[in-house]
Amino acid sequence: MKLRLPMLTTGAVASVMVLSACSSSSGTDGAKDSKPKAVQQEVRAADTAGLTSMAAASSCTYNSYSTFGVGEIVSYKGKDTDKYNDGVTKKHGRVLKLMTGKFYDRSAGRLEKSKKGDRVWVNISHDKGKTWKTCGSETSGKNGDTITSKRYIHSSDDVKNRYMRACAKTSGYTWCADIGNKSNTNASDGQKRYWWTDS
């Protein structure tokens, strides 16, 4: 007796590939900081100003931290600098910043005036913003919360050329900070993106 195995249609195969490419984690697997793999797929998220292309990365493998470090002095990128709009991006009634520490140099996304279900995270790139990984997502438990993503080393003896930016999903819209000391425009979608680097 011969067994017949069900055949996957082209559509089913494509669906499996998309699900695989879009998988992500919070970045707490304890793996060493390393250069990210190439982005597998791009997905689009609706924004009030149109479509903003966001890269769907494979699982985040960078070391994350739950705090900025004992005795750390915490501020945020672009603070008190007119050129960088005081380091603040405001959208949908929320305030988004990339927080950073002075001594341990750990950075994290922070969303203020959140609503229940809002999310905040950081994108991390090692190829000047061409591709990135989505890391350390945290979700708001109630309206008015200030939520902070997991923290990641921005620059150290072992971590070089790391670009980071804060991103959020609020009221169904995915968006990122529109300020930084570096920027790039991806040929794939023509969108300009802003990043912070300490290298």
Work out which heavy atom in D118 is nearest to a heavy atom in S171; give both atom names and the distance. OD1-N, 3.8 Å
OH of Y152 to SG of C135: how many Å apart, nearest 0.5 Å? 4.5 Å
For a quick test of reading the model, state the closest non-hydrogen atom pair linking K116 to N143 and the distance between them. N-OD1, 2.8 Å
Looking only at heavy atoms, the pair that brings G109 and V120 closest together is C-CG2, 3.7 Å
To the nearest 0.5 Å, atom CG of N184 lies from atom CH2 of W132 at 7.5 Å
As a quick check of understanding, evaluate side chain to side chain contact (heavy atoms under 4.5 Å, CB included) for T197 and N181, giving each step before the final call. CA-CA 7 Å; T197 181; N181 63 347; 3.8 Å; yes
Please give me the minimum heavy-atom distance between S149 and G136, naming the atom from each residue. CB-O, 3.1 Å
Should the pair K133 and Y62 be classed as cation-pi, given the thresholds of under 6.0 Å to the six-membered ring centre and 45° from the axis? yes
Are W121 and V88 connected in the hydrophobic side-chain network, where two residues link if heavy atoms are under 4.5 Å apart? no
Can you find a heavy atom in the side chain of D105 that is under 4.5 Å from one in the side chain of T100? yes
W195 vs K128 side-chain heavy atoms within contact, under 4.5 Å: no
For the residue pair W175 and H92, categorise the inter-ring angle as parallel (less than 30°), tilted (30 to 60°) or perpendicular (more than 60°). perpendicular
Any side-chain heavy atom of T89 within less than 4.5 Å of one from I179? yes
Distance col, row K142:NZ vs S140:OG, nearest 0.5 angstrom, shows 9.0 Å
Within the 4.5 Å heavy-atom criterion, are E138 and R119 side-chain neighbours or not? no
Between N63 and I153, is any pair of side-chain heavy atoms under 4.5 Å apart? no
Spacing of NZ belonging to K113 relative to CG belonging to D145, to within rounding of 0.5 Å: 14.0 Å
So, is the end of the R193 side chain (NZ or CZ) under 6.0 Å from the ring centre of Y163 and within 45° of the ring's axis? no
Within-4.5 Å side-chain heavy-atom neighbours: Y104 and Y65: no
Nearest 0.5 Å please: distance from the CG atom of N186 over to the NZ atom of K192. 12.5 Å
Are V74 and V95 connected in a single hydrophobic cluster, I mean Ile/Leu/Val/Met/Phe/Trp/Tyr linked by side-chain heavy atoms less than 4.5 Å apart? yes
Evaluate side chain to side chain donor-acceptor pair (under 3.5 Å) for T148 paired with R110, printing each intermediate quantity in order. CA-CA 4 Å; T148 305; R110 177 167 290 174; 2.8 Å; yes
Assess the residue pair R106 and H154 against the criterion (side chain to side chain donor-acceptor pair (under 3.5 Å)); give the C-alpha distance rounded to whole Å, side-chain angles, the decisive distance to 0.1 Å, and a yes or no. CA-CA 6 Å; R106 299 172 187 172; H154 209 143; over 6 Å; no
Which atom of S66 lies closest to which atom of R151, heavy atoms considered: O-NH1, 2.9 Å
Listing request: all salt bridge (Lys or Arg N to Asp or Glu O under 4.0 Å) pairs with a residue in residues 71-88, at least two apart in sequence or in separate chains. K77-D198
Are side-chain heavy atoms of R94 and K115 found at a separation under 4.5 Å? yes
What distance do K130 atom NZ and S188 atom OG have between them, rounded to the nearest 0.5 Å? 11.5 Å
Might you point out which heavy atoms bring S64 and K150 nearest each other, and give the distance in Å? OG-CD, 3.7 Å
In terms of hydrophobic clustering (I, L, V, M, F, W, Y; side-chain heavy atoms under 4.5 Å; direct or indirect links), are M99 and W196 co-clustered? no
Under the 3.5 angstrom rule, does the side chain of S125 hit a backbone N or O of T131 as a donor-acceptor pair? yes
Side-chain contact test, heavy atoms from C-beta onward, threshold under 4.5 Å: evaluate it for T170 versus L111 and give yes or no. yes
